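Here the structure comes first, spelled out in structure tokens, and everything after it is commentary.
The residues of the chain are indexed from 1 along the displayed sequence. Just the heavy atoms: all of them, side chains too, but no hydrogens, waters or symmetry mates, feed the values below. Since we're looking at a predicted model, the values are computed, not measured.
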Amino acid sequence: MARRLTREDIVTIKSFAGRGMPKAQIARHIGVTEGAVRYQLQRDHARGPGCGKPRRLSAPRAEVEAWRAAQASGPINLAELHAWLETEHGYDRSLRSVQRAWREWFGVPRKRARRRVETPPGAQAQIDWAHFPNMTIDGSAVDLYAFHMELSHSRRDAVVWSASKNQLAWLACHNGGFRRLGGVPATCRVDNKKTAVVRGAGPWGTINPAYQRYAAQAMIHIDPCRPRTPQAKGKVERRILTQRASEDPRQRRWRSIDELQEWTDERIERSDRRRQCPATGTSVWEAWLVERNSLTPPDHLPEPFDVEVRRAVAIDCLVAFEAHQYSVPFRLVGQDVLVRGCHRTVQIVYGSTLVAEHPRGTARRLVIDSRHFDGEDTDDIVAPTPLGRVGRVLDDAMRETTQVRSIELYARLT
């Protein structure tokens, strides 16, 4: 009894027939009669491509051609055409039907070759974010962002970890990346995030004003990618994929972001000493040592801040900022100072001099550096009363970071 052809048999028959294999040989290979093979091939030929289903397009061809002309020389996205037909003309067929009709009317579009560009040393760095949810930091699950910056010539990579990707974190991570790379390149190729481009996209977009000011001080040119062109910064995209595949930090528990940052820096250096630079043939590390001479030293990088207020220094040598109080040198009592909220610190500036720096957003509401109360009298200000013996011991106790204080401390107090 002849068996029924399976789907695999039909595919095999079509494949072998397309290669010119005789029907009798196909039948022996599958284990069916030659008549079954001949019948299947004749049936497919009679049905033709598409199983004889009508291919129609509800919208007039003239309107589709008008939409095509409106794209000028830009890329053709048939998904956008399908959505346009649905919205403007009530088209109720699938995207596949639009694709078939397009091929019948206009043929298969030509493929656009891509230009491979290698930049000279110090010319460009490519930048992008990578999101790492559910990282374990100090026993808690948090979402972290890895800021990737890669030199296009040597492929030297820098990763800066951040708890957010807002404007302040974006600029602060630039500083961290430039310092790890040992200098500042001429241009930075970035994505069209709002922290970089506030309106539009690509070369015609409007650069974020805060980013523009930072770029002017850092002496870099911002080069946004054109929309939907991830290959325009393919080097950094590749490094992000490598980090996720082989160096995923979510497999470990971390005591702090600083510990994670140290581990990442060490892994990157070890990898760069081993990887080969395609542009030079040497290791990435050796190519970077040469390229570093073409980078601008990172000494002039501005410290980004999102808040700047003017405050008067109180008689107790403190200034108020964001529901906290921060100490400043006693000689500035009664003077107006600028308080800047930076990424992780609070900077206090008098004139053009940085006079104090404290951690920002701590649980402590009163942040004091006891050294700000030391020193000699000035013409206008008498120095605070020096600490006595017990006061100095208590001040040392406040500096200790251990949970349990040693017995020697209590011996000193007595």
Side-chain angles (χ1 to χ4, degrees), residues 1-117 191 201-202 225-235 237-238 240-242 244-246 248:
M1 182 177 178
R3 68 180 180 86
R4 187 182 182 88
L5 291 176
T6 64
R7 186 182 297 272
E8 290 76 11
D9 293 337
I10 295 174
V11 173
T12 304
I13 290 172
K14 292 180 180 180
S15 177
F16 286 166
R19 299 177 188 176
M21 183 180 291
K23 298 178 180 63
Q25 186 177 349
I26 296 175
R28 287 194 300 271
H29 181 82
I30 298 177
V32 297
T33 65
E34 183 180 350
V37 174
R38 193 180 302 278
Y39 170 78
Q40 184 64 42
L41 292 176
Q42 291 175 349
R43 182 185 180 192
D44 291 341
H45 179 73
R47 293 171 65 186
C51 302
K53 295 181 180 179
R55 298 176 182 174
R56 61 183 179 84
L57 196 62
S58 301
R61 177 171 176 174
E63 297 190 10
V64 176
E65 291 180 343
W67 181 90
R68 181 190 182 197
Q71 308 307 307
S73 59
I76 298 297
N77 189 331
L78 294 185
E80 293 182 1
L81 171 60
H82 180 251
W84 178 76
L85 291 172
E86 286 182 326
T87 304
E88 301 296 332
H89 301 284
Y91 186 67
D92 58 355
R93 300 290 300 281
S94 65
L95 172 61
R96 183 65 177 170
S97 68
V98 176
Q99 294 170 340
R100 286 196 300 263
W102 187 276
R103 284 198 300 270
E104 291 178 0
W105 292 349
F106 309 113
V108 179
R110 294 181 300 172
K111 295 181 179 179
R112 180 181 293 275
R114 294 179 180 175
R115 179 187 297 272
R116 183 63 182 265
V117 177
D191 219 338
C225 295
R226 291 181 293 111
R228 298 181 295 275
T229 56
Q231 67 275 7
K233 50 182 179 60
K235 299 179 179 67
E237 296 278 359
R238 176 62 181 172
I240 291 175
L241 292 177
T242 300
R244 293 188 186 279
S246 61
D248 194 340

Which heavy atom of Thr229 sits nearest to which heavy atom of Cys225, and what is that distance? OG1-CB, 4.1 Å
Is a donor from one side chain sitting under 3.5 angstrom from an acceptor on the other, for Thr6 and Asp9? yes
So which of Ile26, Val11, Ile30 actually passes side chain to side chain contact (heavy atoms under 4.5 Å, CB included) with Phe16? Ile26
Working to the nearest 0.5 Å, report the span between OG1 of Thr33 and OH of Tyr39. 12.0 Å
I want to check something: taking the side chain as every heavy atom from C-beta on, are Trp102 and Val64 in contact at a cut-off of under 4.5 Å? yes
Set of residues satisfying salt bridge (Lys or Arg N to Asp or Glu O under 4.0 Å) with respect to Lys233, sequence neighbours excluded: Asp128, Asp191, Glu237
Got a sec, which residues hit salt bridge (Lys or Arg N to Asp or Glu O under 4.0 Å) with Glu80, two or more places apart in sequence or on another chain? none
Rounded to the nearest 0.5 angstrom, the CG-CZ distance for Leu78 and Arg100 is 12.5 Å
Examine distances only and state if a side-chain atom of His82 and a backbone atom of Ser97 form a donor-acceptor pair shorter than 3.5 Å. no
Any side-chain heavy atom of Trp105 sitting closer than 4.5 Å to one from Glu65? no
Check whether any side-chain heavy atom of Ile76 sits under 4.5 Å from a side-chain heavy atom of Phe106, and report yes or no. no
Could you give the distance from NE2 (His29) to CD1 (Ile13), rounded to the nearest 0.5 Å? 10.5 Å
One should read off an interatomic distance between Arg115 CZ and Gln231 CD, to the nearest 0.5 angstrom, of 14.0 Å
